[in-house]
Amino acid sequence: MTDTPLKTAPETVAELAADTLRFDSFGLAPEILRALNEQGYVHPTPIQAQAIPVVLQGRDVMGAAQTGTGKTAGFSLPIIQLLMAHANTSASPARHPVRALILTPTRELADQVAENVKAYSRHTALRAAVVFGGVDMAPQTAILRNGVEIVIATPGRLLDHVAQKSVNLSQTQILIMDEADRMLDMGFLPDLQRIINLLPKQRQNLMFSATFSPEIKKLSASFLNNPVSIEVARSNATSENVTQVLYKVEEDEKRDAVAFIIRERGLKQVIVFSNTKIGASRVAVHLVKQGIKATAIHGDKSQQERMAALEAFKRGEVEILVATDVAARGLDISEMPCVINFDLPYNAEDYVHRIGRTGRAGAKGDAISLHTDKDERLLTDIEKLIKQKIVRLQLAGFVATSLHTERRPFSNSERAGRPSDRSERNERPMRSYQPPREKIDPWFLKPYEPSANSQATTIKPAVKLSVEEVKPQKKAALLGGLVKAS
DNA sequence: AAAAAAC
């Protein structure tokens with residue numbers, strides 16, 4: 001499925017090992033290998049190479065892996081194998097006990113994991129069902145009552161089915177918690193605890209998390225039994241394939257800035273992240289008004305609308321998906337060349353997740369974030385977490401230039417003495433800014449000079465731009481902010 | 001502070 005990344009040159013020992021390995025060297029059943037063959041998969045990814053043998057041994061696993069690493073296949077292939085190998089050992093097969101349970105934090109992710117599991121198990125007798133809220137319960141109930149071995153679920157709806165007695169978890173041998181850090185963030189712990197109380201004490205546990213916070217370590221210590229740690233990417237690290245930049249704008253310029261960036265770079269298949277549901281909707285509306293094919297996806301939309309938006313985006317009918325953090329994790333959408341943070345996320349970890357939507361599977365990606373004066377603290381948190389400084393650039397036509405009374409970029413001399421606060425300038429923001437259509441290059445960059453050992457030095461802009469020196473005092477101010485951070 | 005997830 002789209003879950004398995006393309007191969008790139010091996011870099012780590014694990015990757016080297018994975019390169020010489022083939023799926024048929026794990027002792028997987030012919031039915032599974034056949035499904036893999038049909039999809040053209042021969043070599044496992046690093047996390048698959050590490051996870052498959054360990055899961056097959058029946059060990060608990062704590063996996064630190066971002067999406068796009070082949071994580072889903074990493075756990076679903078061996079659990080399919082385990083369930084096949086120990087088929088029908090249940091004393092009461094008529095009761096159709098669920099034998100493996102996969103929990104995810106969002107409905108879309110549940111759906112996606114289910115699609116993968118179904119594809120990998122299609123030649124086996126195993127049945128899988130996906131269960132999440134926002135849609136009619138009756139069809140789910142019917143499938144569950146008919147009997148399934150594997151359930152993929154969001155916690156709330158699963159507990160609903162438990163209350164209705166349409167699902168029996170008393171003989172579940174394997175529990176998989178996907179995106180466990182997200183589940184904690186979202187306050188799923190009580191539901192998680194309730195579900196775990198329904199499971200047999202003796203079972204195999206697999207927990208996956210993109211980041212490795214103290215809370216996750218605590219959860220792992222309480223739910224996992226002597227787990228094997230599997231780590232592919234450096235934890236809390238962002239992909240080296242992703243070029244990260246920051247553009248400073250004023251709050252009321254953000255929507256225009258996003259439209260501008262999309263148009264100027266000719267971006268297609270971009271996720272724009274907003275911190276709020278209302279913000280996401282507004283940005284989408286604004287982009288549509290500017291003739292950009294955009295739509296919003298967030299938790300206030302019906303499940304039908306959410307699925308339709310995602311489908312339209314995957315098909316390319318919608319080019320810009322404006323999303324809340326509902327889409328930050330897990331969703332595997334191919335060909336994501338760029339992610340834009342309309343707002344910087346409140347949690348630094350969410351930054352990692354959001355920009356993890358691009359630069360997948362060895363491809364290059366751009367992560368563009370807008371920030372305002374108020375975001376300095378968030379920025380220092382983010383830079384601390386990812387252990388690198390993000391290059392700060394300025395966006396022509398914004399902050400200091402043509403959004404205002406004059407519809408052209410300010411000259412250097414004009415810009416130099418200009419107060420940054422709009423009220424001081426006694427100016428009214430322009431409501432709908434139309435970037436110049438002609439071939440006036442509206443971009444300029446003020447490269448922020450990173451500290452000597454910063455990784456940001458390797459970052460190059462994605463578009464050709466003219467470069468201008470940063471004023472010494474401004475540079476000092478920027479540096480000052482960063483020095484305090486580290 | 002806000003997002004997500006059950007009716």
Side-chain angles (χ1 to χ4, degrees), chain A residues 67 101-114 130-141 144 151-167 169 177-196 198 209-211 213 215 251 254 271-284 296-307 309-310 321-331 339 341-354 356-357 371-372 374-379 381-382:
Chain A
T67 25
L101 174 62
I102 304 171
L103 296 174
T104 74
T106 67
R107 299 164 180 174
E108 281 79 5
L109 185 56
D111 204 27
Q112 184 182 287
V113 170
V130 61
V131 148
F132 54 76
V135 292
D136 194 0
M137 248 181 117
Q140 297 177 355
T141 306
L144 290 174
V151 165
I152 302 100
T154 49
R157 180 54 72 89
L158 180 69
L159 285 170
D160 255 8
H161 282 293
V162 167
Q164 287 197 359
K165 300 216 190 307
S166 45
V167 68
L169 300 177
M177 289 170 273
D178 201 8
E179 308 278 346
D181 46 348
R182 187 48 154 191
M183 297 224 250
L184 288 191
D185 285 355
M186 287 170 32
F188 275 137
L189 193 55
D191 280 355
L192 215 53
Q193 188 66 66
R194 243 169 259 144
I195 291 165
I196 286 171
L198 298 166
S209 171
T211 51
S213 64
E215 288 78 17
E251 193 62 45
K254 279 180 161 185
I271 293 192
V272 176
F273 283 106
S274 160
N275 281 0
T276 63
K277 291 179 277 199
I278 189 102
S281 287
R282 282 177 185 156
V283 171
I297 183 168
H298 56 67
D300 274 355
K301 296 229 172 195
S302 73
Q303 194 54 33
Q304 225 177 7
E305 287 173 309
R306 282 164 60 165
M307 291 196 256
L310 201 56
L321 190 66
V322 191
T324 57
D325 281 320
V326 69
R329 305 189 190 202
L331 291 195
V339 164
N341 283 314
F342 178 79
D343 301 308
L344 280 179
Y346 292 122
N347 298 322
E349 290 190 354
D350 285 332
Y351 178 85
V352 178
H353 288 293
R354 288 180 180 186
R357 314 275 77 234
H371 75 293
T372 65
K374 289 176 290 189
D375 296 329
E376 275 312 314
R377 208 185 57 81
L378 294 176
L379 261 182
D381 285 353
I382 288 166

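Residue numbers begin at 1 in each chain, while the letters A, B, ... track the order of the sequences. What's counted below: heavy atoms across the whole structure, side chains too, no hydrogens, waters or symmetry copies. Quick caveat, the model's predicted, so the values are computed rather than measured.
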Novice: Which whole-number value in Å describes the distance from A/D350 CG to B/dA3 C1'?
Specialist: 8 Å
Novice: Rounded to whole Å, please give me the gap between CZ in A/F132 and C1' in B/dA6.
Specialist: 14 Å
Novice: If we only count heavy atoms from C-beta on, is the A/T106 to A/T154 side-chain gap below 4.5 Å?
Specialist: no
Novice: For the side chain of A/T154, counting heavy atoms from C-beta on, which of B/dA4, B/dA5, B/dA1 is nearest?
Specialist: B/dA5
Novice: List for me each residue that meets salt bridge (charged side-chain N to carboxylate O under 4.0 Å, His left out) alongside A/D343, sequence neighbours excluded, and say none if there are none.
Specialist: A/K254
Novice: Could you check how far CG of A/L184 sits from P of B/dA4, rounded to whole Å?
Specialist: 18 Å
Novice: Does a nitrogen or oxygen in the side chain of A/T324 sit under 4.0 Å from OP1 or OP2 of B/dA4?
Specialist: yes
Novice: Grab the NE2-C1' distance between A/H161 and B/dA5 for me, whole Å please.
Specialist: 14 Å
Novice: Quick one: label A/D185 by what it contacts on the DNA or RNA (base, sugar-phosphate, nothing), any heavy atom closer than 4.0 Å.
Specialist: base
Novice: Side chain of A/D160, heavy atoms from C-beta onward: which of B/dA6, B/dA4, B/dA2 has the nearest atom to it?
Specialist: B/dA6
Novice: Out of A/L158, A/L103, A/V130, which one pairs with A/V151 under the side chain to side chain contact (heavy atoms under 4.5 Å, CB included) rule?
Specialist: A/L158
Novice: Among the nucleotides B/dA2, B/dA4, B/dA6, which one has an atom lying closest to any side-chain atom of A/R107?
Specialist: B/dA6
Novice: How many whole angstroms separate atom CE of A/M183 from atom P of B/dA6?
Specialist: 12 Å
Novice: Take atom NE2 of A/H353 and atom C1' of B/dA4, then tell me their distance rounded to the nearest Å.
Specialist: 13 Å
Novice: What is the distance, to the nearest angstrom, from the CG atom on A/D325 to the P atom on B/dA4?
Specialist: 8 Å
Novice: Atom CG of A/D181 and atom C1' of B/dA3: how far apart are they, to the nearest Å?
Specialist: 14 Å
Novice: So, using side chain to side chain donor-acceptor pair (under 3.5 Å) as the criterion, who are the partners of A/D160 when residues are at least two apart?
Specialist: none
Novice: Would you say A/R306 places a side-chain N or O within less than 4.0 Å of OP1 or OP2 belonging to B/dA5?
Specialist: yes
Novice: If you look at every strand shown and take non-hydrogen atoms under 4.0 Å, does A/N347 touch a base, only sugar-phosphate, or nothing?
Specialist: base
Novice: Between the side chains of A/R107 and A/D111, is the shortest nitrogen-to-carboxylate-oxygen separation below 4.0 Å, so that they form an ion pair?
Specialist: no
